[in-house]
Amino acid sequence: MEWAIGCGGVTLLVIFAGVAVYIVMNRQVKAREDRIKKKGERLLCWIVTAPDDLYEVNDVPGYGEARVVFTADESDEDELKKRLKEAAKRLKKGDIVDEDVSVTKVEKFYEKYKEQRWLHGPLKLPKWLVGDIEVYTAVVQIYWRRLPEMHLTESYLYCNVLFGEDGGVEMSDDRDEE
């Protein structure tokens, strides 16, 4: 009997600790999102890769993660789309601009690129990959219910971007911005 009471107490303690950690983490994520929305810039982000389910209608409160490229360069929107599409293609296929770049530099960059996750700040694409344009990449959570038709219909979306080590990228709710 005492053993059962002890196990029940430990179980309750573990459940309480789990709930506490969940609450604290949710508050930290919410604070991060609010900081990025408040201090960041709303930029056009070209989608490099996204899971197939983001292209299907999903009326659920979930999300999928996608990798995007973006720049703070203030070009004409059509020109910007063209440049970002090219950068996305180069990043995905590994096409480089500078053929004299060392293999070590390429490997180090792609190692960082593969390790990048949602909570990481933007990663600048090297000049040898994209030329003189200053382009960054990041992983962003794309929420179905924030999309106009509850799925991706374009090759790009708008995100709030905060540059720097403590920066990040959060999907913009386009319905509030337009």
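Every heavy atom of this structure was used, including side-chain atoms; hydrogens, water molecules and symmetry mates were not.
- Separating the CD1 atom in I133 from the CG atom in D73 is a distance of 5.5 Å, to the nearest 0.5 Å.
- At least one cation-pi condition fails for R145 and Y143: the charged atom is not both under 6.0 angstrom from the six-membered ring centre and inside a 45 degree cone around its axis.
- The side-chain contact (heavy atoms from CB on, under 4.5 Å) test applied to V106 returns V101, Y110, W128, not counting sequence neighbours.
- For E79, there are no side-chain hydrogen bond (donor to acceptor under 3.5 Å, both in side chains) partners two or more places apart in sequence or in a different chain.
- Under the rule for a salt bridge (charged side-chain N to carboxylate O under 4.0 Å, His left out), D95 has no partner lying at least two apart in sequence or in another chain.
- Under 3.5 Å, the side chains of Y113 and E115 contain no donor-acceptor pair of N or O atoms.
- For the side-chain contact (heavy atoms from CB on, under 4.5 Å) test, residues two or more places apart in sequence or in another chain that qualify with E154 are Y156.
- In this structure, the separation between OG1 on T71 and CH2 on W46 is 14.5 Å, given to the nearest 0.5 Å.
- Residues meeting the side-chain hydrogen bond (donor to acceptor under 3.5 Å, both in side chains) test with Q116, sequence neighbours left out: R67.
- Expressed to the nearest 0.5 Å, how far CG of D78 lies from CZ of R83 amounts to 13.0 Å.
- Note on residues 118-137: pairs passing salt bridge (charged side-chain N to carboxylate O under 4.0 Å, His left out), not counting sequence neighbours, are K124-E134, K127-D132.
- Salt bridge E86/K82: absent, no basic N to carboxylate O contact under 4.0 Å.
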